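Quantities reported herein were computed from a predicted structural model and do not represent experimental measurements. Hydrogens, waters and symmetry mates are skipped; everything else that's a heavy atom, side chains included, is used. Each chain gets a letter, A, B and so on, in the order the sequences are listed, and its residues count up from 1.
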2 protein chains.
Amino acid sequence: MAPPSLDLTQDTRHRLLEAALLVFAEKGYDGAGIREIAQRAQANSALVTYHFGGKEGLYREALRSIHDRKVSAVAGLPPPPEPGDPGARETAIQGMKDYIRAFVTDLMSCPAESEVDAAAMALIGREIQMPHPVSAPVLVEFARPYMERVLALLRILCPGEDDEARLRATLSIQGQILHFRNSLGFIRLLSGDPEFPKDLEALIQHFIAFSLRGLGLPEAFPPPRS
Amino acid sequence: MAPPSLDLTQDTRHRLLEAALLVFAEKGYDGAGIREIAQRAQANSALVTYHFGGKEGLYREALRSIHDRKVSAVAGLPPPPEPGDPGARETAIQGMKDYIRAFVTDLMSCPAESEVDAAAMALIGREIQMPHPVSAPVLVEFARPYMERVLALLRILCPGEDDEARLRATLSIQGQILHFRNSLGFIRLLSGDPEFPKDLEALIQHFIAFSLRGLGLPEAFPPPRS
DNA sequence: TTGACTGAATCAAACGATTGATTAATATTG
DNA sequence: CAATATTAATCAATCGTTTGATTCAGTCAA
């Protein structure tokens with residue numbers, strides 16, 4: 001294993017944050033040691049206490065730093081239509097398609113692009129499933145925009161349902177995608193196909209079709225072609 | 001925190017396994033210590049090595065023991081129909097409804113029933129997302145029957161799709177449910193409703209309707225009432 | 001000189017593992 | 001049957017290692 005040193009032109013604090021993302025994502029909070037993190041950042045382990053007040057502070061700041069790492073594709077989407085707008089329903093259907101594509105894109109920024117970004121998303125996925133006590137506030141702030149957007153779209157697409165039904169639908173839409181992302185390693189192990197999924201665009205189309213049909217929108221049924 | 005002692009009439013080996021499920025589920029492999037596990041089992045920590053060869057062996061055996069803890073509701077289902085059977089399609093639709101209900105039941109054996117069973121399912125969920133190297137074989141064996149059943153049903157319900165499309169559909173069906181189970185704590189935090197979901201039967205009906213419609217089965221669309 | 005920063009050395013605490021002694025139950029023998 | 005040998009199970013004590021945290025002499029730009 002070659003020593004995977006990070007960009008030394010960045011200041012030490014920043015290098016520590018990136019190394020922390022990598023190691024925490026790979027080994028979890030308890031499994032990661034500040035010595036290993038410091039070594040990856042080519043820094044001294046004492047700097048963890050100096051810059052962040054300790055391992056916990058480093059973890060919290062590393063999670064926070066994910067916000068700044070990349071502009072979310074979802075954040076760049078136009079705001080969802082209001083219930084009164086003309087053509088709100090058609091706009092909302094297109095908005096849902098765009099959202100699902102952006103959500104998958106956000107989550108699958110996978111290793112090709114940036115090793116650190118991929119680690120950041122893996123960390124987020126892990127934290128959603130089992131939040132570390134320290135990370136809960138950061139995590140809620142991170143996830144809320146995603147949640148709110150889908151709920152806003154569903155208020156137009158499923159006006160007859162109650163709030164809990166819309167929450168269930170939101171969770172089904174995001175859950176299938178999040179589970180796919182979080183357990184991809186296991187899925188590859190189980191299916192015996194180490195390079196699944198071969199076709200990312202087909203995957204996005206599947207999520208769009210499955211979700212729109214799942215919501216029971218007559219416009220989306222059948223067939224799945226759209 | 002009262003000392004949560006386990007049933008002392010069971011032999012020590014069994015008590016250690018149950019305590020291991022509780023502590024590993026709560027803190028993960030690295031976060032859990034054999035001292036704490038032994039203390040919960042009211043046993044000596046040296047017995048971990050004596051009975052299981054070490055912490056790793058205890059972890060492996062604890063995961064294995066989940067098989068024996070409770071008979072899976074899915075395992076009790078009748079076998080899925082063969083593609084040639086008369087009325088195979090109707091049988092398969094009903095089979096999918098029964099499967100989803102049984103799957104949710106398996107996963108949500110939540111704390112009311114047995115604290116240890118709930119911990120066991122939490123551990124499975126954690127392992128699916130980030131498998132410990134030691135646990136991969138046990139985990140694959142655990143998950144395969146669930147996977148195979150859905151794929152068998154989809155071979156009847158979606159005969160036109162290719163294998164990868166059916167795998168995607170399987171993952172969407174199971175993913176929404178697994179994600180729901182795994183991140184329930186986070187969802188309650190995010191939605192601000194600490195007792196979500198209030199209605200388990202409505203949740204099951206939602207998963208059934210969302211999945212059948214998502215698959216694009218004309219019989220299931222619309223409306224979701226079935 | 002001062003203040004920000006560095007890093008080798010070190011700390012107490014917790015870790016998993018091992019030891020040797022002890023008990024209790026079973027098997028073997030006289 | 002009684003005495004002895006064998007084995008599995010359990011224990012307190014301790015091993016060496018690793019952990020996160022701390023110290024402190026030293027560097028370097030302002």
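Between the P atom of D/dT22 and the CG atom of A/Leu47 lies a distance of 14 Å, rounded to the nearest Å. What separates CZ of A/Phe52 from P of D/dA21 is a distance of 13 Å, to the nearest Å. Residue B/Gln42 contributes atom CD, which lies 13 Å from atom P of D/dT10 at whole-angstrom precision. As a whole-Å value, the separation of B/His14 NE2 from D/dA9 P is 15 Å. At whole-Å resolution of the value, NE2 in B/His51 and C1' in D/dT7 are 14 Å apart. Taking atom NZ on A/Lys55 and atom P on D/dT19, their separation rounds to 9 Å, with Å as the unit. Atom P of nucleotide D/dA25 and atom CG of A/Asn44 are separated by 16 Å, given to the nearest angstrom. The CD1-C1' distance, from A/Ile37 to D/dG20, rounds to 11 Å in whole Å.
Take the nearest nucleotide of DNA chain C for A/Ser45 and for A/Tyr50: the residue whose nucleotide is more 5' is A/Tyr50.
Taking the six-membered ring where the residue is Trp, B/Tyr29 and B/Tyr59 present perpendicular rings, their angle passing 60° and hence far from 30°. Using cut-offs of 30° and 60° for the angle between ring planes, the B/Tyr146 and B/Tyr99 rings count as perpendicular. Ring planes of B/Phe180 and B/Phe207: perpendicular class, angle over 60° (limits at 30 and 60°).
Rounded to the nearest 0.5 Å, atoms CD1 (A/Ile124) and CG (A/Leu107) are 9.5 Å apart. With rounding to the nearest 0.5 angstrom, the CD1 atom of A/Ile100 is 5.5 Å from the CD1 atom of A/Ile208.
A salt bridge links A/Glu201 with A/Arg101: the distance from a Lys NZ or Arg NE/NH1/NH2 to an Asp or Glu carboxylate oxygen falls below 4.0 Å. Taking a cutoff of 4.0 Å between a charged side-chain nitrogen and a carboxylate oxygen, B/Asp30 and A/Lys27 do not qualify as a salt bridge. Taking 4.0 Å as the cut-off between side-chain N and carboxylate O, A/Glu195 and A/Arg188 do not count as a salt-bridged pair.
Within a heavy-atom distance below 4.0 Å of DNA chain C, the residues of residues 24-33 of chain B found are B/Ala32, B/Gly33.
Using a 4.5 Å heavy-atom threshold, the side chains of B/Arg40 and B/Glu18 count as separate.
If you check every strand for non-hydrogen atoms under 4.0 Å, B/Arg35 touches a base.
The footprint of chain B on DNA chain C, defined by a heavy-atom cutoff below 4.0 Å, extends from C/dC15 to C/dT19.
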